[in-house]
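This report refers to the structure that appears directly beneath it.
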Amino acid sequence: MTKRFRLLLRYLVLLLLAIIILGPFILGFWASLLPTADIAKGALWSTHVSLANYVAAVQQTAILRYLMNSLIISTVTMLAQLFFCSLGAYAFVFLSFKGRNTWFYLILATMMLPFEAEVIPNFMTVRHLNLLNHYAVMVIPFLTSAFGIFMLRQAFRQIPLELKEAADVEGLSHWQFYWRVTLPYARISLFTLAAYSFLESWNQYLWPMLTTFSDKFRPVQDGLRQLQSQETFNNWGMIQASAVIVVVPTLLVLFIGQHYFKNGLNEGATK
Amino acid sequence: MSLQVTTAEKSAGAPQLNQRSFNLHRHDKWVALAFLGPSLIILGVFVFYPMLRTLYLSLFLTNNVGRPTVFVGLKNYTSLLMSSAYRASLQATAVYVVGVVGLTLVLGLLLAQMAVRKLAGIQWIRTIFSATMGVSVSVAAIFWLFIFSPTVGLFDQIGALLHLPVVQWLTTPGPAMIAVVISTVWMNLGFTFLILFGALQMVPRSLYETAAIEGATATYQFIHVTIPMISPTLFFTSTVTLIGAFKSFGLIDLMTAGGPNNATNLMVYQVYRDAFLNGNYGLASAESVILAVVIALLTLLQFKFLEKRVTY
């Protein structure tokens, strides 16, 4: 085999793999442009291409409302986790109190418990607290996270001892040191936690499905489920259009953010 | 899938006591309470309490709103282990998990290995390979529902060209399992690719050069250089994928709803059914406990491994 032939072969394999990965996106996107009648006949080579399905999805379904709900829920969850996890992590690094290590291990232990195995009592709790079918039910259980506390604690421990000593000499309170020194110092870890908690919230499926019953509060994953189950006669075109509407923003963020994100991760790794 | 891994793996580490000693204030108790209080309350109410409550409920018969009525001890557990339906659910979970983890690792490694060599335009390929990271579970399910739909879907259209019989992918037990495994693997690939690609990039070039001088073939190099060098990451990726697979719910719910004939009725789906569709909260709690034990053990394994890595 010549070198050139090998290179060509390599490109062919890469191209094939890329097509396989992109296949579901391409098919979904293509179907979203076709009339459902053509799809139902299996006429995927139809030339009746239009944006009608998108217009229908936006006008006839609550897809934009679902997106907005998810945006609200995920943003609030993310901000809350940044705040409460960093406060908790600060306590474990810079404060002395009785049983500090015991508390830390207890929190660490919760990382082993899957939320999926706890939905029964949690459902009863939120029903008891009258939180069902509201944004609050999808935010309150996730205001903090053991993983976030754990991760930020590791980041805060990198802060030089001298900084804290200098701050003590200056007479800075804990809150001032937390706000002015700790947070800026650990911004890369905070950024990572922000991305992680936002995505985690955005991808929630089971919990919102159990706790929301109206389009007013339903987040986008369960919104798509709703559309899928309502369209009894398989309105493929509109369903695919809805899925595309949902996936395009995240793909864009991924592509644009990838560069920055990779740098952030690398920087975090070399610390 | 989560980013948890990257960060936990790279910046963090394992349970390890804070050994640094500060010139700490004596009266931090109230500050600590204020700083840590909110987190402790939330974790207490939504993580600690529900675990104990689930354990408790699993020992009872319950009424239709989930209040315990009759103490039955371990009867819920024994009846689960005797039940052929539950054993079928465990079996389906095992098949699904093995399929998902195996295929995700093999394909992720293939993608990473193919993309690691510097070529013109490779940046585009790498971006495409990581693209499914931006896909949420509902979107993945809807794309694949279309691909697997009978007659109009891609697979049946190809089948028709080859004069193969129409396969009712999602309404025949075997094919339905294959369909949900393929869809899950696709969804996992972007993330797995990124992690494994990162690991492959870290392998020193000189190792391959030495091996090449000694006349090692590409296959030999892959097995004896690449695999050992990235084995920590491989192990890590497999535990993450494994835990994720045990927790699968959304894709199953959208694509098969546990069917056909319970063929894709995975552990979490069984919990959902027994609790929220059948109102059998005691039994569902026992199922939750079993699920929690499995996942806790896997997470412990992961912690142990991270701990080791940090001390390298």
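Put simply, of A/Phe115, A/Phe25, A/Phe84, A/Phe97, the one with the most heavy-atom pairs under 4.5 Å next to chain B is A/Phe25. With chain B as the partner, the residue from A/Phe123, A/Phe142, A/Trp202 showing the most heavy-atom pairs under 4.5 Å is A/Phe123. Listed options A/Leu7, A/Leu210, A/Val244, A/Leu252 were ranked by heavy-atom pairs under 4.5 angstrom with chain B; first place goes to A/Leu210. With chain B as partner, the option from A/Val126, A/Val220, A/Leu106 having the largest number of non-hydrogen pairs under 4.5 angstrom is A/Leu106. Most heavy-atom pairs under 4.5 Å with chain B: of the set A/Ile149, A/Leu251, A/Ile140, this distinction falls to A/Ile140.
Remark: the A/Arg225 side chain and the A/Tyr205 side chain contain an N/O donor-acceptor pair separated by less than 3.5 Å. For the 3.5 Å distance criterion, the side chains of A/Asp222 and A/Gln226 fail to qualify, holding no donor opposite an acceptor.
Heavy-atom distances place no part of B/Phe246 under 4.5 Å from chain A, backbone and side chain included. Interface remark: B/Val65 contributes backbone and side-chain atoms alike to the contact with chain A (heavy atom separation under 4.5 Å). With a 4.5 Å cut-off on non-hydrogen atoms, B/Leu154 touches chain A through its side chain but not through its backbone. Within the 4.5 angstrom heavy-atom criterion, atoms from both the backbone and the side chain of B/Val45 approach chain A. Heavy-atom distances place both the backbone and the side chain of B/Leu254 under 4.5 Å from chain A.
Residues A/Ile107 and A/Trp103 are not in side-chain contact: their nearest non-hydrogen atoms beyond the backbone lie 4.5 Å or more apart. The shortest side-chain heavy-atom distance between B/Thr132 and B/Phe193 does not fall under the 4.5 Å cut-off. Using a 4.5 Å heavy-atom threshold, the side chains of A/Val119 and B/Phe276 count as touching. Between A/Phe156 and A/Ser86, some side-chain heavy-atom pair lies under the 4.5 Å cut-off.
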